[in-house]
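To find a chain, count down the sequence lines: A is the first, B the second, and so on, and within it residues start at 1. The figures here come from the full heavy-atom set of this structure, side chains too, leaving out hydrogens, waters and symmetry mates.
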Amino acid sequence: MAEMTMVEAINASLHYEMERDERVVVLGEDVAVNGGVFRATEGLLDHFGGDRVVDTPLAEGAIVGSSIGLAVAGMVPVPEIQFLGFAYQAFHQIAGQLARVRYRSRGRFEAPITVRAPFGGGVRTPELHSDSLEAQLANIPGLKVVLPASAADAKGLLAASIRDPDPVMFLEPLRGYRALRDDVPEGDYVVPLGKARSVRDGDDLVFIAWSYMVEVARRASVELEKEGVGARVLDLRTLVPLDTEAIAEAVEACGRAVVVQEAPETCGFAAEVIATINDEAFYSLEAPVARVSGWDVPYPAGLLEDHYVPSIDRVVAAARRTLEK
Amino acid sequence: MAEMTMVEAINASLHYEMERDERVVVLGEDVAVNGGVFRATEGLLDHFGGDRVVDTPLAEGAIVGSSIGLAVAGMVPVPEIQFLGFAYQAFHQIAGQLARVRYRSRGRFEAPITVRAPFGGGVRTPELHSDSLEAQLANIPGLKVVLPASAADAKGLLAASIRDPDPVMFLEPLRGYRALRDDVPEGDYVVPLGKARSVRDGDDLVFIAWSYMVEVARRASVELEKEGVGARVLDLRTLVPLDTEAIAEAVEACGRAVVVQEAPETCGFAAEVIATINDEAFYSLEAPVARVSGWDVPYPAGLLEDHYVPSIDRVVAAARRTLEK
Amino acid sequence: MTLTEPRAQLHQECDLSDSELQGLLREMISARLNSTRCFSLQRQGRSGTMAPIDGAEALVVGSAAALDPERDWVLPQYREPLGLSRFGEEVVARTVRYMRGDPAGGFIPEPIRVWPQQIALAAQLPQAVGLAWGMKLKREEGVVLTYFGDGASSEGDFYEAGNLAGVLEAPVIFMCNNNSWAISTPARRQTAAASFAEKAAAFGFPGEKIDGCSVLEVYAATRRARERALAGEGPTLIEAVAYRLGPHTTADDLTRYVPAEEIAEAREHDPIDLFRAELQEVGLWSEELEAETVKEADERMDRMIAAAEAVVIEPDVIFEHVYQRPTPRLERQRAELLEGLSEDD
Amino acid sequence: MTLTEPRAQLHQECDLSDSELQGLLREMISARLNSTRCFSLQRQGRSGTMAPIDGAEALVVGSAAALDPERDWVLPQYREPLGLSRFGEEVVARTVRYMRGDPAGGFIPEPIRVWPQQIALAAQLPQAVGLAWGMKLKREEGVVLTYFGDGASSEGDFYEAGNLAGVLEAPVIFMCNNNSWAISTPARRQTAAASFAEKAAAFGFPGEKIDGCSVLEVYAATRRARERALAGEGPTLIEAVAYRLGPHTTADDLTRYVPAEEIAEAREHDPIDLFRAELQEVGLWSEELEAETVKEADERMDRMIAAAEAVVIEPDVIFEHVYQRPTPRLERQRAELLEGLSEDD
Ligand SMILES: Cc1ncc(C[n+]2csc(CCOP(=O)(O)OP(=O)(O)O)c2C)c(N)n1
Ligand SMILES: Cc1ncc(C[n+]2csc(CCOP(=O)(O)OP(=O)(O)O)c2C)c(N)n1
Ligand SMILES: [Mg+2]
Ligand SMILES: [Mg+2]
């Protein structure tokens, strides 16, 4: 165990996986010489050389598209999209291609590709750097969608994603890169995809969240504890596959739930969580499920983002309202 | 009133709107000389000439991107994406640009653009022609998302979309182009965006649907009537803006609801409908809301599509199960 | 030989044996026949939308002939697979199934180095570059050839792929089928560039414009490009000028936009007729060979169609190959589908 | 005049008055100063990420000077706006607000024909083509100039835009700021093309590579391109070769990847120094003018920064301008936000 920030854990995981499997290659904008604009790929070029760590021309479509070809050639590509908002430039290769390599070829080919991309607010980035697109990706069958919320998970889930035979969108919270710091197991460490993580126990209400919002929910639960409210926190970790059982179990235990997401409300993944609760735990509900979201507006300019990203206060208030119902 | 198929109604609406407002221009692949691969733009070139009806090079990103420029120049562009699956090629211009023209410029510029695209299954098209992407679009703030389910609505909603000062994704059901035929008002006919349509009355249960699934739900309700079940059918017509009131009212009246969509289940718009019901009409629910969806698989090859697209039988079965709960 | 000087030179450059030359014509005739048969299947309601190969036979057969099926890869668009039997008859058989709407049509078995057809225009191009790049990294001796149309060349994917290939010096051949039309849009409205070949200037590698109706010219150009690639000299763009002799697909009505004279003239340059005449001239083709070729091809198609139509498709294969192992949610959905089907019985 | 023959010719071609020449240098100096001031604001925590203009002053100021602010439009990427005061000081003022994170920084008021900065690389290019196309349809006398970098040139949007512009013969000028770097990626790894200008061959219109450190060369080339466009001869691609003299942005550490000698050498060709020396040589510049320019620019920035910092941003402007009129759901969300804020009080 060693305490690390999330970005350090990601870097460690990349080192470990490249060491472990020589088919792993890292490609993207500024990932090699510069070590990534957040240093996530720092040191890889020195360790593994220019054949396996490659600065590509500035074209997200070609980064994802060429990864598919590399995969069929027998590599295990880990492309980086510098910021998730620019994945839109590659949506045709992600949704129309990457997600369907196996399906289209009926299993002849596969795409064991992990597309890494940072996203999320709170660090005053320029436009299109912070947008939360996980719901759009989760609506694309064939992709797995993974979002770590701790440094340890970042390491273990990234390892699982890279080793997974299917394409994974691995979304890293910008705000968590340096702000999240925890104990990370050394050596081979894999966190299986599809298993939610119980962050905190409680019986009055459950917060369901992913990525950095897990931290916001956790802090909200600490606030609520002061009022004598036991709030459970469930980190979904992966949206696809979804740990339906863990969601149902938590709702059954608590009877009340608040889903917290940074994405816009309309058709964000919180809606899917609510629909899943409706399917699986309807009769346990003592109150409507609350959702706390970003608003239905484009991600705003820096001086407004604190009014956009769900705050601890907003989450606590939603919990209180849910408890009153 | 004249009976028309949906594609005729769309064509009539385009003729009418181009006549009415000389700023309206139509652009896209094969829209001019060929009149569109489904004849939706038939006759426009002859009537309005090559300056206003333009066959573009084959590049969806440039079709949407140049429409933004045309709009700022004072035109009212109605670009066509030949099949919605190829909107992925333009997602960066749709989500990253079109949706934000007004927001980014704080109202200096606007994008009164209506992107028309056919989609949906049931007509044995090749891959990527049938995919239902409305949920992904609805998660992009700044867009309106409109899906007619009758010929009359196709005319009236298209008119409203073209006259709307904001960008609209206008999605047309391939299966409905010729299969849906009804009375269409002549002359100036506008159906406002954001108002759901009550297709059929009933008090036992409400089907909530959009696009061609409205027709499937309607037929299911006819089946159910034989069993003495009164099933209401609500056509949402526009997903953004969403007619929350109509949804709440219907659920309050019926106590039970089935949402029918052709899109994949996970994070499809049905999840948003369920979340909205949870928010607005939770205490009226006598049973969990059912959702009938396409499966979480890429849209399948032609010989499988009847097992993918929700059928009347599946919808009826879901209704029966909901009534039993 | 009674060929004109340039033709004779071309034969010399190609250096193909008599039976190889005959083989090319055979494949071209079979390709057209395959396509015609599938077209009429669609008309009979026995198959789905398909894009006839008519006019592209020389460019498909000639380029495939210059490749090594054991080392090289082909990434088609959608119009070419019926002409790719050199890589294995199974490519044709699977394409017949594909057009019928059978999902297994996308499965082209090992060791055939041909990808399933690609419906999204130009989307295969960056993938081809990645594959060639991977082969280069693994020091495999081989090249990747990918087909695309004049229309597809307008997509950003074409450019991003070409540019990346140039930077990587990837062993890839971009084969542009300039058949004058993208559905109803004429090639002159796709681009103002002097030619499609010219676009290679944007990538820093050679572009060559050739007669795509001459199977030997296509063969020779592809072989040169392949040699360049194997020598580590990087990609080549080949613009093969042909003409789409049929409608875009079974769903298209070309009379709405193609001038009658234009297509009539193009038919004068039918790649099959041209090569047949050439082989007849040098005594390598006869009516018997023609009849035999047609008969064999027809019988092969009979078998393939019969096999395709005999396939029973289980509904729940819809859930296969989404992931290596289905997610719990997919399992639940599969159960739902099967339950619904059993209720129907 | 004591200029060398080619310089003298250039001065002749440009045909600018003494005060116009001085104006160019004034704007270049101000642009750099604006940028330096914003950079240090960021360092003081008073502003957000920004991309310094250092090295691009000649190409921004020179090209803008060749345009007619009342008829022509400019679509910037993100590095140029601090140098676009020719289109109105408000462009600079708004950019200062933009960098602070003030949403109103995106609002550049009428009648200024400059678009808000574009963060997605090359995304503005097809929009520029559409705008030029629209102007052509409306028979407006004017052109559109759009800036983008060597890195942005690898995006599909660049190609799709160029290709469309060629087909439409749209009055648009593509101004490529080849400053050698895209963050840490050198221009030679962006493309194997002989030059960025060469890429115009893919579009069928002229491409010209010029010295982007010479404000007069940029001015002259832009003017020629503008005249071509106005004469209905279509688009031009200009590759202006410059060098990024600072870090990519305030978030970047260039010492990780730029060789020290390289940037030292580039500093020898600082576009401001070059032009200052030239004007000094012909007696058009002095220390007094320099001091006056700096003083004015500094005071202007003081005012702009003070004004920017005085702005009070109401939280609920977050809901404005999503649509012309907010949807009911947005109204509900706005109420939620305001309620939450009042609870906090
Ligand atoms: C990305 C994308 N956009 C649009 C289409 C619809 N479409 C199918 S074929 C075609 C024309 C293709 O022309 P070309 O590339 O010249 O190939 P050809 O059919 O002539 O062989 C179009 C527009 C598509 N399949 N993919
Ligand atoms: C579509 C897109 N992809 C990636 C980025 C992230 N990014 C911002 S600037 C930059 C480098 C741009 O280089 P260049 O185009 O040469 O412009 P310069 O900064 O040198 O002026 C990158 C990769 C982006 N803004 N947009
Ligand atoms: Mg073509
Ligand atoms: Mg640059």
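- Pairing each heavy atom of Val322(C) with each of Asp166(A), the nearest pair is O-OD1, 4.2 Å.
- Using a 4.5 Å heavy-atom cutoff, the side chains of Val72(A) and Gln127(C) are not in contact.
- Considering all non-hydrogen atoms of both residues, Leu164(C) and Pro57(A) come closest at CD1-CD, 3.4 Å.
- For Gln117(C), the part lying near chain A is the backbone, with the side chain staying farther off; criterion is any non-hydrogen pair under 4.5 Å.
- For Pro206(C), the side chain to side chain contact (heavy atoms under 4.5 Å, CB included) test picks out Arg228(C), with sequence neighbours left out.
- Interface check for chain C: of the options Arg52(A), His92(A), Gln97(A), the most heavy-atom pairs under 4.5 Å are formed by Gln97(A).
- When the heavy atoms of residues 80-95 of chain C are compared with those of chain A, none of the residues falls under 4.5 Å.
- Here the shortest heavy-atom pairing between Arg106(A) and Ala104(C) reads CG-CA, 4.0 Å.
- Residues Pro111(C) and Arg108(A) share a closest heavy-atom pair of C-NH2, 4.2 Å.
- Across all non-hydrogen atoms, the minimal contact from Ala123(C) to Gln93(A) is O-NE2, 3.1 Å.
- At least one donor-acceptor pair closer than 3.5 Å links the side chain of Lys138(C) to the backbone N or O of Ala73(A).
- For the pair Arg329(C)/Thr276(A), a side-chain contact is recorded, criterion being any heavy-atom separation below 4.5 Å from C-beta on.
- Listed here is the closest heavy atom pair of Tyr323(C) and Pro141(A): OH-C, 4.3 Å.
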